[in-house]
Amino acid sequence: MAHRLRPVDLGFVGAAPVRLVFTREVSASPEQVFHALAEDVPGWPRWFSAVTSARATDGGAGREIRLRGGTRFEETVLAAKAPEVYAYRVDATNAPGARALVEEWRLAPRDTGTGTLVQWTFAADGTAPFRFVLGLARAGLGRAFRDAMTSLDRRVAVR
């Protein structure tokens with residue numbers, strides 16, 4: 001890994017200099033979505049196309065993630081409260097300019113009584129160029145999230 005990031009807690013999600021928040025409704029239940037996020041970490045590449053490799057570490061307390069293009073993350077799970085929230089902090093990465101990064105997935109039953117409202121918050125701090133690039137990447141991250149949620153919904157609907 002190129003460098004270690006600042007260790008932040010879950011409160012960083014609300015205080016980060018850059019917060020990208022995306023939401024999507026899916027037909028899968030909160031329990032099914034939580035299972036895919038938190039309990040089937042190796043399954044991420046099957047529904048999130050940006051992820052090429054994912055594995056749980058430290059008995060599920062951490063994760064190692066590889067993305068298309070070669071970006072790597074070593075992460076610590078900050079929250080895993082089924083079926084409501086799953087969040088993790090990046091501890092080390094080869095992404096230049098990053099100083100702190102937390103991703104939080106919030107799951108809520110849809111008002112219709114079936115399905116889930118999924119909210120993904122990408123909270124970050126970094127150098128000015130890093131923050132600028134994240135701003136430019138908002139549309140692409142949003143598209144990747146929507147595509148991932150569509151793929152995840154299809155995948156869990158088969159079960």
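What you see is a predicted model, and the numbers here were worked out from it, not measured in a lab. Computed from heavy atoms alone, side chains included, the values below leave out hydrogens, waters and symmetry copies.
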- prompt: So do Ile65 and Tyr88 actually touch side chain to side chain, heavy atoms under 4.5 Å?
  reply: no

field: For Pro17, all residues meeting side chain to side chain contact (heavy atoms under 4.5 Å, CB included), sequence neighbours excluded
entry: Phe12, Asp125, Arg131

- request: Give a yes or no answer on whether the side chain of Ser151 reaches the backbone of Asp147 with a donor-acceptor pair at less than 3.5 Å.
  value: no

- line: dist His35:NE2 -> Leu152:CG (nearest 0.5 Å) comes out at 10.0 Å

- prompt: Backbone N or O of Arg63 within a donor-acceptor pair of the Thr57 side chain at under 3.5 Å?
  reply: yes

statement: Between Arg4 and Ala92, the two heavy atoms sitting closest are NH1-CB, 3.7 Å

Check: Phe130 ring centre within less than 6.0 Å of Phe132 ring centre: no

- prompt: Do Val51 and Arg66 come close enough that some side-chain heavy atom pair is under 4.5 Å?
  reply: no

- request: Return the minimal non-hydrogen interatomic distance between Thr23 and Phe145, and the atom names on each side.
  value: C-CE2, 3.6 Å

- prompt: Would you say the side chain of Glu104 lies within less than 4.5 Å of the side chain of Leu10, judging by non-hydrogen atoms?
  reply: yes

- request: Among Ile, Leu, Val, Met, Phe, Trp and Tyr joined by side-chain contacts under 4.5 Å, find the other residues sharing a cluster with Leu117 and list them by chain and number.
  value: none

- prompt: Are Phe48 and Leu141 connected, step by step, through hydrophobic side chains (Ile, Leu, Val, Met, Phe, Trp, Tyr) whose heavy atoms are closer than 4.5 Å?
  reply: yes

- line: d(Arg106 CZ, Thr116 OG1) to nearest 0.5 Å is 14.5 Å

field: Residues in ring-ring contact (aromatic ring centres under 6.0 Å, His included) contact with Trp47, at least two apart in sequence or another chain
entry: Trp44

- request: Please tell me if the side chains of Val8 and Val102 come closer than 4.5 Å, counting only heavy atoms from C-beta onward.
  value: yes

field: Gly60 backbone acceptor or donor facing Asp58 side chain under 3.5 Å
entry: no

- prompt: Can you find a pair of side-chain heavy atoms, one from Leu5 and one from Thr93, that are under 4.5 Å apart?
  reply: yes

- line: Contacts of Phe22 meeting ring-ring contact (aromatic ring centres under 6.0 Å, His included) (sequence neighbours excluded), chain-then-number -> Trp120

- request: Ignoring hydrogens and angles, tell me if any N or O in the side chain of Asp40 forms a donor-acceptor pair with the backbone of Gly43 under 3.5 Å.
  value: yes

query: For the hydrophobic clusters of this structure (ILVMFWY residues joined by side-chain heavy atoms under 4.5 Å, transitively), does one cluster hold both Val77 and Val41?
result: yes

message: Could you go through Arg89 and Asp91, starting from their C-alpha distance and side-chain angles, then the distance that decides it, and tell me whether this counts as salt bridge (charged side-chain N to carboxylate O under 4.0 Å, His left out)?
response: CA-CA 6 Å; Arg89 169 189 70 223; Asp91 297 316; 2.7 Å; yes

- prompt: Same cluster for Val13 and Val85 if Ile/Leu/Val/Met/Phe/Trp/Tyr side chains link at under 4.5 Å?
  reply: no

query: What's the shortest heavy-atom distance between Ala108 and Pro30, and which atoms?
result: C-CG, 4.3 Å

- prompt: Do Trp105 and Phe34 share a hydrophobic cluster, counting only Ile, Leu, Val, Met, Phe, Trp and Tyr and linking them when any side-chain heavy atoms are less than 4.5 Å apart?
  reply: yes

message: Arg55: which residues meet the side chain to side chain donor-acceptor pair (under 3.5 Å) condition with it, sequence neighbours left out?
response: Glu64

field: Flag side-chain contact, heavy atom, 4.5 Å: Val118 against Val26
entry: yes

- request: Please list all pairs passing the salt bridge (charged side-chain N to carboxylate O under 4.0 Å, His left out) test where one or both residues lie in residues 20-38, with sequence neighbours left out.
  value: Glu25-Arg110

- prompt: Linking I/L/V/M/F/W/Y whenever any side-chain heavy atoms sit under 4.5 Å apart, do Leu20 and Val90 land together?
  reply: yes

- prompt: Closest heavy-atom contact between Leu37 and Tyr86?
  reply: O-CE2, 3.3 Å

field: His3 (side chain) donor-acceptor with Ala98 (main chain) under 3.5 angstrom
entry: yes

statement: Here the pair of heavy atoms bringing Ala124 nearest to Leu134 is CB-CD1, 3.5 Å

Donor-acceptor pair, side chain of Arg19 and main chain of Phe122, under 3.5 angstrom: no

query: Hey, does Pro45 have a side-chain heavy atom less than 4.5 Å from the side chain of Thr52?
result: no

query: Does some side-chain heavy atom of Glu84 sit less than 4.5 Å from a side-chain heavy atom of Lys81?
result: yes

task: Please name the pair of heavy atoms, one in Val33 and one in Ala28, separated by the smallest distance, quoted to 0.1 Å.
output: CG2-CB, 3.9 Å

